[in-house]
Amino acid sequence: IPIPQEQGFFPFSIPPQEMSETTKARVPSPSGRKICVLREQGNNNDKQQQVLEIWTNECEVLETRIVLPSKLHGKVVNDPNWFGQISWNQEETALVYSAERKTPKVASFFDLENDTDGDKIRGGENTLGLGKMENWGEKYTDMSALLDLFVVNTESSKVARVDNVPGGLDDVTTHGGFTLGQARFSPCDTHVLYTAWDAGGGSEMPRRLGMVYCSQRPSKIYASPVSNLMKELATVDTDKEMNSQDSAKISDKECICLTQGARISRSPRFSPEKNGISKMVYLCSKLGFDTHDGSVALHVQDWNVTECAPDLNSQNIWISTVNQPPPLSGDVNSDIQVANMAFPGLYCQNLPLICCTDEFLLATTQWGSVQRIVRVSLTNGNMTLLNADIARGKGLSTEISASQSLLCVTADGGAVIMESAPNRPAVVAFVPRESLARDKVNIKVDAPLVAEMGPIAASSFSRVSRSLVSELLDFSVEVLAMRPPQIADEDDTKVQWILLRPKEVEGTKPPMIVVPHGGPHSCTPTTYLASYAYLCASGYAVLHVNYRGSIGFGRGALDSLPGHIGLLDVKDVMHATVTMIDSGWVDPERIGICGGSHGGFLTGHCIGQFPDLFKAAVMRNPVTNIASMLTATDIPDWCYVEALGSGYYNWKEYRSASKEELDIMFDSSPAKHARSVITPTLIALGLEDQRVPPSQGREYYYVLRANGVTTKLLTYDNDDHAIDKVDSEADLWINVKQWFDRHI
C-alpha cells in the first residue's frame with residue numbers, strides 16, 4: 001500500500017512482484033506486516049499440493065509453510081471479482097477461504113484393485129454429481145459447483161471446515177446446497193461472514209445457471225459463529241487436519257442470515273471500529289431483477305464490536321436505486337454530474353475489498369458511459385462524486401470523460417485510484433486523506449501520480465518508445481448524449497455514445513466502425529481498450545453505442561429492453577450510425593460494424609435489416625438464433641427474459657419451451673434476416689464457449705456461405721466466450737483490422 005512521504009513520492013512497502021505459474025494468490029494482512037502466498041506445486045509423487053506460505057518482514061522472511069490437506073477439500077478459490085479470495089482475521093493469526101467440496105469416492109464396476117477398502121461408490125465415475133463434476137458454466141468449467149469455507153490458524157497450521165452453514169454439507173453435489181464465498185472475519189474475529197449463492201438448496205435454482213457476468217443470481221449474506229472453532233485451531237498438537245467428525249464436535253451456534261427477505265445481497269465489507277460500532281456495508285436488491293445486471297442499493301447495518309454481534313434492527317439503505325437520473329439545475333457548484341448526467345444509481349458487481357476509511361466508504365460505479373468513484377459518509381450515508389484530477393507530465397491532467405476506479409484505501413485514510421481513457425493507458429494515483437475529506441470533492445481533488453503504465457515492449461530487443469505510443473494514441477474522444485427514437489410519447493430515455501476520432505488527413509474523412517457492446521445489460525466505458533485504440537490508431541473512427549438496456553443510465557432505461565431485443569437496440573444502433581453519417585465527420589461510403597455476443601447479435605440484425613449500409617462486419621461469438629441457443633447455453637434464462645420480457649421466466653421451475661415461445665425467440669434473432677445479408681462478414685468463435693455455443697456462429701457462417709456472401713470463419717480451440725487469451729486475442733484483432741482494410 002502506498003504511504004505518502006514528505007519527499008513527495010510514494011514508495012511501496014512491498015514492491016510489485018511477478019506472479020509465477022505456481023503462485024495463485026498474494027494477500028497482505030490488515031497491517032501489511034504479513035503476506036499470505038498461495039502456491040500450487042508437485043510433491044514426490046507428482047501430485048499437486050496447495051501450500052500457504054506466511055511471509056513477514058516486508059515479505060523477506062518465510063515464517064510458516066502450511067500444506068493444505070487434500071483429504072479435506074479441493075482447489076482453493078482465488079476469484080476476487082466474484083467468489084472471493086483468502087482473507088485475514090484482525091489479529092493476523094488466522095485465514096478464511098473458500099475451497100471446492102470434496103466429491104464422493106467412485107470406482108468403475110470393473111476396477112476392483114482400487115477399492116480395497118470398499119469405501120467407493122461402484123459405477124459412479126460417469127454419474128453427474130459423483131464422478132462427473134457440475135459447475136457454474138462459462139469461466140468456471142474447472143471449478144466445482146459447491147464451495148465450502150475453511151479456517152486455518154497460521155501459528156498452529158491446523159485447518160478445519162466451517163460446518164455451521166446453510167444448506168448442509170451433503171457430499172453428493174447434485175442434491176442442491178449453497179455455494180459459499182466472499183468470506184471475511186467479523187471485526188472481533190468471532191464470526192465468519194460470507195455470501196451464500198443458491199445452488200439448489202433454495203427455491204430458485206433447479207438448474208445451476210451460468211454465474212460469470214450474471215449478478216442477478218439469488219444470494220444472501222450469513223454470519224457463522226466460529227469462537228470455539230478458533231480456540232480449537234489455536235491449540236498446538238501433532239494433528240494438523242481436523243476432519244468433519246472433529247468439526248462437528250465443536251459447539252458453535254447456528255449461522256445467522258443477515259439479509260433475510262432480500263433476493264440478492266453480496267459483498268459484505270466492514271468499516272474501522274468507532275465508538276464500539278463497525279458498519280457492515282453490502283450490495284443488495286430486495287426484489288432482485290431478471291436481467292443479468294442491474295442497479296443495486298447500498299445497505300448498511302451496525303456490528304456491535306463490544307458484544308461481538310450484529311444489530312439486526314439497525315439495517316438502513318444509504319443509496320437507493322434510481323429509475324431515471326433527475327435533470328440538472330445548471331449550477332456547477334451544486335450539480336453532482338458526470339458527462340452531463342445526474343447520478344443514475346449504483347452499478348457495480350462488488351465493493352472493493354478494502355473500501356472503508358474511518359470516515360468514508362468509496363466505491364466504483366458505472367455513471368453513464370464513464371466509470372467513477374463515489375464517496376459515502378459513514379456517519380449519515382450522504383453520497384457525492386469523488387472527482388480526482390491527476391497531474392501528469394507535459395502539462396497533462398485528467399480529461400473530463402476519463403474513467404476512474406478505486407483500487408484500495410490506505411491505512412492512513414487515503415485512497416489509491418486508477419484512471420484511464422480510450423486514448424490513455426492506465427495510471428495509478430493517490431488521494432491523500434485531507435483531500436478525500438474535503439467538502440467539495442465533486443468539483444476537483446488533486447491526486448498526485450504514483451505510477452504510469454509504461455509502453456509494452458514487443459520483445460527485449462524491440463522497445464516501444466513513449467513518443468511512438470503518444471503518436472499512435474493521438475486521437476480525440478467525445479461522449480455524446482442522445483435521446484434515441486422513443487416507443488411512447490411519455491418516454492424520456494437518454495443514452496450515450498463514445499466517438500473515437502483519428503487525426504484528420506487533409507481532404508479526407510475517416511471510415512467508421514460501429515461497435516455495439518454485448519450483454520445487452522452492460523456498457524462500454526471510457527476506459528483504455530487496446531483493441532479499439534489499435535483500430536483508431538489505424539485510421540478508423542470508432543463509435544461505441546451504449547443503447548437502451550445498457551447499465552449506468554437508470555433502471556428505466558435498462559428495463560425498457562427485455563422483450564424488445566432486435567427492435568429497440570437495433571433502432572438505437574442505427575440512429576447512432578445515421579446521426580454520425582449526417583454529421584459529416586465520417587465517410588458515409590465506408591461504414592463497418594463489429595460486435596461480440598449480444599453485440600454480434602446486433603451486428604447480424606444490422607447487416608440483415610440494412611444490407612446496403614455496412615461495407616464490412618465482424619461478429620465474435622454472436623447470438624444468431626435464440627431458439628436453437630436455448631438448450632445449449634449455460635444461461636437459458638437469458639433467452640426467455642430478453643426475447644419475452646422481464647417477469648416471464650419462472651425461476652422455480654425448469655421446463656422445455658413451447659412452440660409459441662420458440663417462434664418469438666426466432667423472430668427476435670438475426671437468423672430471421674440472414675438471407676438478406678450481402679455484407680462481407682468475419683466470424684470468430686471460441687470453441688470452449690459455454691455462454692453462446694459455437695454452433696450459433698457456425699450456423700450463421702454456413703447460411704452466409706451458401707448464399708454466396710463473402711465470409712470467413714476463425715475458430716480458437718482453447719478459448720471461451722471472451723476470446724481473451726493473449727495469442728487468440730492478438731490473432732483475432734489483426735484479422736479484424738485486415739478484414740476492414742480489405743473491404744472498407
Distance, nearest 0.5 Å, that separates [atom1] of [X] from [atom2] of [Y]:
| X | Y | atom1 | atom2 | answer |
| --- | --- | --- | --- | --- |
| S405 | I373 | OG | CD1 | 6.0 Å |
| L38 | I86 | CG | CD1 | 4.5 Å |
| D148 | E100 | CG | CD | 10.5 Å |
| L62 | I35 | CG | CD1 | 12.5 Å |
| M280 | Q301 | CE | CD | 4.0 Å |
| T23 | Q41 | OG1 | CD | 9.5 Å |

Any donor-acceptor N or O pair under 3.5 Å, side chains [X], [Y]:
| X | Y | answer |
| --- | --- | --- |
| E92 | S31 | yes |
| D293 | S215 | yes |
| W136 | D634 | no |

Handout entry: Worked check of salt bridge (charged side-chain N to carboxylate O under 4.0 Å, His left out) between D637 and R217
Key = CA-CA 11 Å; D637 56 304; R217 302 297 179 224; 3.1 Å; yes

Closest approach of [X] and [Y], non-hydrogen atoms and distance?
| X | Y | answer |
| --- | --- | --- |
| W303 | A223 | CH2-CB, 4.3 Å |
| S186 | Q90 | O-CG, 4.1 Å |
| R266 | C348 | NH2-O, 3.4 Å |
| L361 | L378 | N-CG, 3.9 Å |
| L180 | S98 | O-OG, 2.9 Å |
| M629 | R691 | CE-O, 3.8 Å |

Take atom [atom1] in [X]; do more than 12 heavy atoms of anything else shown fall under 6.0 Å from it?
| X | atom1 | result |
| --- | --- | --- |
| E21 | CD | no |
| E60 | CD | yes |
| E40 | CD | yes |

Quick one: does any side-chain atom of [X] pair with a main-chain N or O of [Y] as donor and acceptor, under 3.5 Å?
| X | Y | answer |
| --- | --- | --- |
| K220 | A262 | yes |
| E91 | D189 | no |
| Q50 | G74 | yes |
| D302 | N304 | no |
| R101 | A145 | no |
| S29 | K34 | yes |
| S271 | C356 | no |
| S267 | L283 | no |
| W638 | G519 | yes |
| N621 | V692 | no |

Handout entry: H73 ring center near Y97 ring center (under 6.0 Å)
Key = yes

A side-chain contact here means heavy atoms from C-beta on lying under 4.5 Å apart; do [X] and [Y] qualify?
| X | Y | value |
| --- | --- | --- |
| D111 | E125 | no |
| T633 | C639 | yes |
| W82 | V212 | no |
| V151 | F185 | yes |
| R208 | Y140 | no |
| R26 | V37 | yes |
| P352 | L362 | no |
| F289 | S295 | no |

Exercise for the section: Step by step, work out the side chain to side chain contact (heavy atoms under 4.5 Å, CB included) result for H299 and I317. Expected result: CA-CA 4 Å; H299 285 227; I317 301 175; 3.6 Å; yes

State which residues pass side-chain hydrogen bond (donor to acceptor under 3.5 Å, both in side chains) with [X]; sequence neighbours excluded, sorted by chain then number.
| X | answer |
| --- | --- |
| H721 | S597, D689 |
| S728 | D719 |
| K24 | none |
| E53 | R39, W55 |

Handout entry: From CA spacing to verdict: side chain to side chain contact (heavy atoms under 4.5 Å, CB included), T141, E688
Key = CA-CA 9 Å; T141 54; E688 297 294 324; 6.0 Å; no

Practice task
State plainly whether the residues K274 and D358 are in salt-bridge range, i.e. N to O under 4.0 Å.
Solution key: no

Problem - Lys/Arg-Asp/Glu bridge criterion (N-O < 4.0 Å) met for E232, K158 - result: yes

Practice task
Quick one: sort the Y640 and Y649 rings into parallel, tilted or perpendicular, breaks at 30° and 60°.
Solution key: tilted

Could you pull out all donor-acceptor pairs under 3.5 Å where a side-chain atom in residues 191-199 meets a protein atom, sequence neighbours excluded?
{"unit_1": "Y194", "atom_1": "OH", "unit_2": "S224", "atom_2": "OG", "d": "2.7"}
{"unit_1": "T195", "atom_1": "OG1", "unit_2": "Q182", "atom_2": "OE1", "d": "2.7"}
{"unit_1": "D198", "atom_1": "OD1", "unit_2": "G200", "atom_2": "N", "d": "2.8"}
{"unit_1": "D198", "atom_1": "OD1", "unit_2": "G201", "atom_2": "N", "d": "3.3"}
{"unit_1": "D198", "atom_1": "OD1", "unit_2": "G202", "atom_2": "N", "d": "2.9"}
{"unit_1": "D198", "atom_1": "OD2", "unit_2": "S203", "atom_2": "N", "d": "3.3"}
{"unit_1": "D198", "atom_1": "OD2", "unit_2": "E204", "atom_2": "N", "d": "3.1"}

Handout entry: side chain to side chain contact (heavy atoms under 4.5 Å, CB included) assessment of L68 paired with L52
Key = CA-CA 7 Å; L68 297 177; L52 290 178; 3.8 Å; yes

Exercise for the section: Under the ring pair (Phe, Tyr, Trp, His ring centres under 6.0 Å) rule, collect the residues that match up with Y716, sequence neighbours excluded. Expected result: none

Practice task
Kindly indicate, with the supporting measurements, whether the criterion salt bridge (charged side-chain N to carboxylate O under 4.0 Å, His left out) is fulfilled by R161 and D163.
Solution key: CA-CA 6 Å; R161 183 171 65 182; D163 283 353; 2.8 Å; yes

Exercise for the section: Kindly determine whether L95 and I54 satisfy side chain to side chain contact (heavy atoms under 4.5 Å, CB included), including the steps that lead there. Expected result: CA-CA 11 Å; L95 300 159; I54 308 302; 4.1 Å; yes

